[in-house]
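See below for the structure under consideration.
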Amino acid sequence: MIDKTMASCREAVATVFDGARIMFGGFGDVGMPGQLIEALRDQGATDLVAISNGAGGGGYALGGLIQDGRVRKLMASFPSPRAAAFRERYLKGELELELIPQGTLVERIRAGGAGLGGFYTPTGAGTALAEGKEIRVIDGREYVFEGPLKADFAFIKAHRADRFGNLSFRRTMRNFNQIMATAATTVIVEVDEIVPAGGLSAEEIHTPGIFIDRVVAVARHPQLFQPRKPGGAA
Amino acid sequence: MIDKTMASCREAVATVFDGARIMFGGFGDVGMPGQLIEALRDQGATDLVAISNGAGGGGYALGGLIQDGRVRKLMASFPSPRAAAFRERYLKGELELELIPQGTLVERIRAGGAGLGGFYTPTGAGTALAEGKEIRVIDGREYVFEGPLKADFAFIKAHRADRFGNLSFRRTMRNFNQIMATAATTVIVEVDEIVPAGGLSAEEIHTPGIFIDRVVAVARHPQLFQPRKPGGAA
Amino acid sequence: MTLSREGIAYRVAADLPEGSYVNLGIGIPSLIPSFLPDGREVVFHSENGILGVGPTAAPGEEDPDVVNASKEYVTLLPGSSVFDHALSFTMIRGGHITHAVIGAIEVAANGDLANWSVPGEKVPGVGGAMDLAFGIPNLFVAMTHVTSKGRPKILNACQCPLTAPRCVRRIYTDLAVIDITADGLLLREVAPGLDPAAVQAKTEAPLQIAAGCREMDVPATWSGVALRV
Amino acid sequence: MTLSREGIAYRVAADLPEGSYVNLGIGIPSLIPSFLPDGREVVFHSENGILGVGPTAAPGEEDPDVVNASKEYVTLLPGSSVFDHALSFTMIRGGHITHAVIGAIEVAANGDLANWSVPGEKVPGVGGAMDLAFGIPNLFVAMTHVTSKGRPKILNACQCPLTAPRCVRRIYTDLAVIDITADGLLLREVAPGLDPAAVQAKTEAPLQIAAGCREMDVPATWSGVALRV
């Protein structure tokens with residue numbers, strides 16, 4: 001019987017190896033697999049390449065991994081000025097950054113998952129972020145060639161799962177999670193709840209289990225929900 | 001107030017012009033906007049370029065348009081040997097066919113909708129369907145360059161819609177419909193039912209209304225449901 | 001007289017058409033939804049995956065899974081939808097989002113935009129800014145006319161790294177509404193009490209004055225709007 | 001003795017691993033699900049957008065919105081999911097579907113496959129065949145060993161237009177199970193009662209005989225399986 005559920009985050013991340021390339025889902029704290037990443041901090045793998053929209057925050061999850069000196073390179077679109085751990089390592093030259101426009105980042109990951117060899121996007125043509133890249137004029141407009149991105153592992157977060165690894169998301173949790181699930185050799189998912197097979201209807205499954213290798217249900221970390229004041233700049 | 005619903009298929013297809021390029025959703029009869037296409041037969045626009053997975057059947061919907069001599073060119077992956085109207089016109093040389101592998105067809109339409117200039121796919125490299133196309137070796141493997149596809153109109157079918165044009169699909173209705181909705185200037189949808197705004201939860205909307213221009217609710221055509229014998233070849 | 005941040009937001013809101021799909025940047029643009037004219041229905045997009053963004057969540061009523069692109073807890077209006085980043089950037093790069101209103105560090109007379117790389121900021125971050133600038137057909141800038149040090153932000157040529165070339169369609173500031181045309185900058189409106197020469201004095205690039213150039217229609221006193229004199 | 005169509009399907013079914021994701025072509029492959037060993041869980045994919053395809057719908061119980069890629073009315077198993085063509089071909093081209101079992105017109109000794117363009121058929125149709133042939137890591141062919149006119153289908157080189165070069169991993173026929181290796185064709189199993197020479201006689205390309213080449217383990221009599229002698 002197919003059963004991708006695992007008892008603990010520790011077990012789910014046990015095979016991560018030094019030098020691994022890992023995609024981390026989430027947009028800020030939403031849809032971010034914090035407890036899997038904390039288990040990875042305990043597990044010890046180092047010299048990692050992280051692919052993520054941001055750079056995490058301070059000492060928790062991706063920010064914690066970076067703080068611990070475990071990330072050699074970050075591929076991201078928006079390492080926030082508030083990402084204190086990243087900022088410190090980056091300014092000391094202890095961490096390499098590849099900055100990628102957000103839409104290009106998700107599209108490169110999609111290309112990796114979809115078996116494509118790359119694509120042309122208008123985004124970035126004529127800017128510093130296209131320097132050194134192939135430019136092609138198509139129908140009178142300049143496009144930048146971008147290659148596929150794949151990874152050894154993807155750490156993602158969903159709301160509910162079944163034993164097949166089928167996933168459903170709540171509200172804005174999907175962000176990078178659905179696409180990252182398609183592009184890594186081993187895909188590990190943190191969920192709020194595991195339901196019986198058939199507990200998710202065919203239409204409400206947002207990510208089919210074919211992409212998923214391991215699923216762990218854990219209660220949300222209370223530290224994660226930190227309402228911010230309305231109207232503040234990000 | 002945004003309200004994309006229309007009273008009739010006739011009204012919804014009124015602006016289709018001679019020479020228009022039209023995407024038709026559906027896979028066989030499932031998710032196929034038959035009554036919109038029948039309204040287009042009545043409307044009279046001709047010299048059309050049709051983009052569709054198949055070529056329709058006999059005298060109904062796309063098969064009917066072809067039978068009527070209204071389609072100049074078909075871009076498709078699988079014009080079935082049972083597509084009698086297509087077969088007759090094609091063998092007489094009255095209709096041009098561009099044959100495209102199914103995955104490449106949907107990906108070209110996606111590229112059109114997503115603002116991409118094209119992509120490299122492994123599919124077809126070294127075969128007759130890649131003749132004359134750019135081949136690029138990426139990471140040691142041959143890939144074929146394929147450009148984006150867009151259209152003047154897309155005719156699609158969904159299960160439910162609201163006044164914003166948000167769509168939900170049942171079962172295997174999605175097929176080409178979701179992607180075609182992103183790639184045409186004017187997107188016209190046939191649905192089973194229109195629900196009040198808010199009647200579809202955020203999570204159960206499969207295609208957001210931003211892509212949709214016109215929605216018509218019509219009862220299903222009784223001719224469409226024709227159970228076939230199990231096990232037969234297609 | 002110059003407009004407050006709210007005054008600028010009010011003026012932009014007046015130009016967003018019924019039925020438009022609009023992405024709003026942080027800062028001044030985030031104030032726009034409260035100023036939409038009564039009865040006008042506009043759908044707000046957030047690039048992390050929302051169409052139909054509603055007001056900020058009331059304190060205590062935040063949903064931990066509902067944030068906007070600025071990571072503020074927001075609400076979802078009836079008819080809203082949620083989706084992943086790939087579809088969200090299909091909406092942006094594919095030109096389906098009809099309008100975006102964003103901030104800028106510099107705008108050039110030819111529509112070049114610089115808003116992602118801040119001078120002196122050593123940690124770069126681009127986010128969705130470039131995709132928006134390349135993808136949205138009606139790209140509006142909402143910003144103060146000059147820097148906090150009084151230097152013009154509307155220039156002959158951008159000095160900061162570009163977000164995208166020739167992408168800005170219209171600029172809304174505390175002093176003026178300026179269109180970017182094939183022939184350069186066209187001054188369409190000035191803040192109440194200002195004349196075109198006063199705007200030109202704070203603008204590096206040359207302004208042409210539109211036939212019918214007039215004062216902006218922004219109420220002087222109005223709940224939520226304060227005009228600095 | 002040669003196997004019936006059901007016998008071929010039975011033999012293929014034995015090789016589909018627990019937990020595999022399998023796309024089945026029309027014809028012989030469509031018979032495979034009924035022959036899965038008890039307790040083995042395999043997820044069947046249909047390229048029109050299903051994972052977890054169940055048996056054909058009982059007469060009168062067809063759902064008009066549930067068809068497979070052959071446009072037969074099928075059922076959805078618990079845990080099944082539905083999706084659009086883009087995601088379905090991400091599964092195929094991205095190599096996520098682990099196995100496909102398809103028919104063939106010709107297979108060459110180097111693994112070249114021809115199965116989309118039928119000689120004499122003037123209306124071409126490719127469907128998803130090429131994406132499957134280029135994308136699936138374990139591409140199995142299930143077919144009769146020779147044509148209805150007795151001509152070999154396993155050739156030194158394909159005569160028909162290729163579906164994909166060097167893509168087939170294993171061939172299951174009514175006579176044999178043959179692996180395609182870097183060194184050519186490797187005969188692994190023969191139908192009960194046949195010897196390797198009898199298989200070679202019906203095969204254009206040269207066969208190497210595997211160490212341990214044996215008779216296929218297919219029951220001679222068994223509900224649903226009829227062996228032609």
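By convention in this document, chain letters (A, B, ...) are assigned in the order of the sequence lines, proteins followed by strands, and residues within each chain are numbered from 1. Everything numeric in this text was worked out from a predicted model, so none of it was measured.
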Which pairs of donor and acceptor atoms, one on a side chain in residues 139-146 of chain B, lie under 3.5 Å apart (sequence neighbours left out)?
from, atom 1, to, atom 2, distance (Å)
Arg141(B), NH2, Phe134(D), O, 2.8
Glu146(B), OE1, Lys133(B), NZ, 3.3
Glu146(B), OE2, Lys133(B), NZ, 3.0

If the threshold is 4.0 Å, N to carboxylate O, is there a salt bridge linking Arg220(B) and Asp65(D)? yes
May I ask you to say whether Lys153(D) pairs ionically with Glu204(D), meaning some side-chain N is under 4.0 Å from a carboxylate O? no
Report which part of Leu132(D) has an atom under 4.5 Å of a heavy atom belonging to chain B: side chain, backbone, both, or neither. neither
What part of Phe86(B) is in contact with chain D, defined as an atom under 4.5 angstrom from a non-hydrogen atom: side chain, backbone, both or neither? side chain
Would you please indicate if the ring centroids of Phe176(B) and Phe27(B) are separated by under 6.0 Å? no
Of the backbone (N, CA, C, O) and the side chain (C-beta and beyond), which part of Ile100(B) lies under 4.5 Å from a heavy atom of chain D, both, or neither? backbone
Examine His99(D) together with Tyr21(D) and report whether their ring centres are nearer than 6.0 Å. no
Only pairs of heavy atoms separated by less than 4.5 Å count here; which of Leu129(B), Ile179(B), Leu105(B) has the most with chain D? Leu129(B)
Against chain D, work out which of Leu99(B), Asn177(B), Val106(B) has the most heavy-atom pairs shorter than 4.5 Å and name it. Leu99(B)
Looking at Asp192(B) and Arg160(B), does any basic side-chain N land under 4.0 Å from a carboxylate oxygen? no
Salt-bridge present (Lys71(D), Asp29(B); N to O < 4.0 Å): no
Does a side-chain N-to-carboxylate-O contact under 4.0 Å join Glu193(B) and Arg170(B)? no
Could you name the residues of residues 115-125 of chain B that have a heavy atom within less than 4.5 Å of a heavy atom in chain D? Thr121(B), Pro122(B), Thr123(B), Gly124(B), Ala125(B)
With a 4.5 angstrom heavy-atom cut-off, could you sort out which part of Thr163(D) is near chain B: side chain, backbone, both or neither? backbone
Main chain of Asn115(D), side chain of Glu106(D): is a donor-acceptor contact present, judged purely on distance under 3.5 Å? no
Quick one: does Asn53(B)'s side chain have a donor or acceptor within less than 3.5 Å of a partner on Ser77(B)'s backbone? no
Do His85(D) and Asn175(B) meet the criterion of a side-chain donor-acceptor pair at a distance under 3.5 Å? no
Best-contacting candidate, Gly135(D), Ala129(D), Ala86(D), against chain B by heavy atom pairs under 4.5 angstrom: Ala86(D)
Which region of Pro124(D), side chain (C-beta onward) or backbone (N, CA, C, O), has a non-hydrogen atom less than 4.5 Å from a non-hydrogen atom of chain B, or is it both or neither? both
Is Tyr90(B) close to chain D through its backbone or its side chain, or both, or neither, when contacts mean heavy atoms under 4.5 Å? side chain
Side chain, backbone, both or neither: which part of Ile92(D) has a non-hydrogen atom closer than 4.5 Å to chain B? neither
